[in-house]
Amino acid sequence: MCGIVGYVGSKNASQVLINALKKLEYRGYDSAGIAVLEDGDILVRKCKGALKFLEQKIADETIKGTIGIGHTRWATHGEPSDTNSHPHTSMDGAISIVHNGIIENYADLKAKLQAQGIVFQSQTDTEVIVHLIDKFYAEQKDIFKAVIQTLHAVEGSYAIGVLCKDYPDRIICARKESPLVVGLGKGENFIASDVPALLEHTRDVYYLDEREIAVLYTDHVDLFNFDGEKIIKQPSHVDWDMDAAEKGGYPHFMIKEIHEQPKGLTDTMRPRIIRDSAGKLADVYFEENKMDDVWRKAGRVVITACGTAYHAGVVAKYAFERIARLKVDVDVASEFRYRNPILDKDDVFIVISQSGETADTLSALRLAKKEGLKVVAITNCVGSTVSREADDVIYTLAGPEIAVASTKAYTTQVLCLFLLAIKAGKLRGTLSDSDASALLAELETIPAKVQQILDNQDVIQKFASRQFNKNKIFYIGRQFDSATSLESALKLKEVSYMHSEAFAAGELKHGPIALIDPQTLVVSIASEPALFDKIGSNMVEVRSRGATVLVITQDDSGAFDGKADEIFRIPECSSTLASLLTVIPAQLFAYYCAIQRGYDPDKPKNLAKSVTVE
């Protein structure tokens, strides 16, 4: 998730672009840059860090051009740096582009371009786009045709803005699976990833649909499909205020990020699933596959993390044991670092951190490295300390997470861990090719199933409106569902300040059941059919003592009829992967309880997004 902008008109483009990027910094803040066409040449200014550093860099310059593009980056390929910052430019400086998204086949394209003498300056996937456009432009002698040919050559998700010095009167932009809005002004037109960047100038916009292209001039905008055929559509009028616009029309970032999970899961998964020559799902790819031998010889997996990331690790324990038949220990990083842990040279050490800067997790990583272990990091932040110090890094591609309570970072972490378990299972021979293909095929269906749950969120919203005044909330589950219960309880207490606890369902009678009364809500997570009878008995036990019971399950056989006050059914899913679905209703419940109680779920009291000190 990055922010792109573009301007063509009569005003000073650099100032318009900088001001527009300020409205999009919530989409990325690793680096920023602009490209402005001035006196027949493209002037590029970019640098690592927040937008303010770019402002400082150009403060003493006079940039006079009236057409340009800009970018604020959330790094995915290549760590944050001046060189990896956008815009990226062709070798002769004639073409410049900005890009939001992920080019999945960039490695193959890059190799082919390098074989033809193209010299790459950055580590980014984006740079292949500008070199492809340049290559096709040399052949076609037409920038529009070159862009279309490039769009047909690249695979993945993207929104791009293209500036060519030979066409000083226009900007070309296109989108596929990444948002792009065209702003319609008077004697000027704009592009932006999100509406906030446009509201200062216009409220009349085109929302580009899938596989659409726009060509912007000062006095009009032409729209096309990817075949170059002109299309006609009616502009929309935006009535949002600025605060709502930054949240994409959602009232809070938390609910926006909950709804971004289908895309985050898709973006995280798609580049890592390998198909064979017949198109069948075959394997999982991680960059260079450099840990393959380590996984083959692994005797144990040790996972450390904090908070939500720790809960992802607990899910992973069940995943590795079931899929890869590996022993797994999961530790809270703040405890691990102080207990003189027993480590073996054949252990694989996994650390999980959304920010990549969590202090306790970093200390655990360094302890493991000191003991000679190979460390795999799972993080959402390219170039973070965790990613630099680990032997291997797996990036979640969730985009920036603004709300303090993590949602999309958690599910993408769990997805990466499932993929890693499948990879380990194949390498160790504990998972057959057919079983691996079946799991990967089902993983591909998960984003659409998450969307089905989100489309049915009214059920959870109504349930929250009836239950938000409960004074005790217990989450119970067995196996994977016990792990999901931990995250569900944390999410509720974080944002609604309701007292919530998670228990393995079988432990209820070992103490917690003494607390059950009519002011108690028990949320039962049930995705393991073999254990439906067991957890059903737990539900009857607490309900007979006055508790209200909600069950989250994919069962449609009636196993829980009469045992729960409310049944929320998720789409059908194997119990192995259901953790990616069962947590979604719990996230929604936490959000709506916070709203009912009058709290801001984006900024829970006493909490910070990243804990970088003890």
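What you see is a predicted model, and the numbers here were worked out from it, not measured in a lab.
- The CZ atom of Arg272 sits 10.0 Å away from atom OH of Tyr395, with the distance rounded to the nearest 0.5 Å.
- Between Ser406 and Lys491, the side chains place no donor N or O within less than 3.5 Å of an acceptor N or O (distance only, hydrogens not considered).
- Residues Thr407 and Glu257 have side chains that never bring a donor and an acceptor to within less than 3.5 angstrom of each other.
- Asp267 is linked by a salt bridge (Lys or Arg N to Asp or Glu O under 4.0 Å) to Lys263, counting only residues two or more places apart in sequence or in another chain.
- In this structure, a donor-acceptor pair under 3.5 Å is present between the side chains of Asp455 and Gln451.
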Check the pair Asp41 / Lys165 against salt bridge (Lys or Arg N to Asp or Glu O under 4.0 Å), numbers first and verdict last. CA-CA 6 Å; Asp41 290 312; Lys165 74 174 188 177; 3.7 Å; yes
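- Atom NZ of Lys186 sits about 12.0 Å away from atom CG of Leu184, to the nearest 0.5 Å.
- One N or O on the side chain of Lys423 and one on the backbone of Val284 form a donor-acceptor pair closer than 3.5 Å.
- Thr89 places no side-chain N or O within donor-acceptor distance of the main-chain N or O of Gly93, the cut-off being under 3.5 Å.
- How far CG of Asn189 is from OH of Tyr7: 9.0 Å, rounded to the nearest 0.5 Å.
- Using modelled atom types and a 3.5 Å distance limit, the side chains of His237 and Asp204 yield a donor-acceptor pair.
- Not one N or O on the side chain of Asp194 forms a donor-acceptor pair closer than 3.5 Å with the backbone of Pro196.
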Intermediate values then yes/no, side chain to side chain donor-acceptor pair (under 3.5 Å), Thr308 and Glu487: CA-CA 6 Å; Thr308 285; Glu487 174 60 13; 3.1 Å; yes
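- Side-chain contact check for Glu127 and Gln121: no donor-acceptor pair (N or O, by modelled atom type) lies under 3.5 Å.
- Gln457 and His259 share a side-chain donor-acceptor pair at under 3.5 Å.
- Residue Val8 forms a side-chain contact (heavy atoms from CB on, under 4.5 Å) with just one option from Asp169, Leu216, Ile191, Val215, and that option is Leu216.
- Crowding of Lys52 atom NZ: a count of heavy atoms from other residues, nucleotides or ligands under 6.0 Å not exceeding 12.
- Using bins of under 30°, 30° to 60° and over 60° for the plane-to-plane angle, the ring pair His201/Phe190 lands in the parallel bin.
- Ser81 and Asn84 share a donor-acceptor pair across their side chains, judged by distance under 3.5 Å alone.
- Residue pairs satisfying the salt bridge (Lys or Arg N to Asp or Glu O under 4.0 Å) criterion with at least one member in residues 136-152, sequence neighbours excluded, are listed as follows: Lys135-Glu139.
- In this structure, a donor-acceptor pair under 3.5 Å is absent between the side chains of Glu357 and Ser384.
- In this structure, Tyr158 and His99 have tilted ring planes: the angle between them lies in the 30° to 60° band.
- Using modelled atom types, one finds a donor on one side chain and an acceptor on the other under 3.5 Å when comparing Thr411 with Gln261.
- A distance-only check finds a donor-acceptor pair linking the side chain of Lys233 to the backbone of Tyr207 [under 3.5 Å].
- Under the 3.5 Å distance criterion, with hydrogens and angles disregarded, a donor-acceptor pair is assigned to the side chains of Tyr137 and Asp166.
- In this structure, Lys48 places its NZ atom where only 12 or fewer heavy-atom neighbours from other residues, nucleotides or ligands lie under 6.0 Å away.
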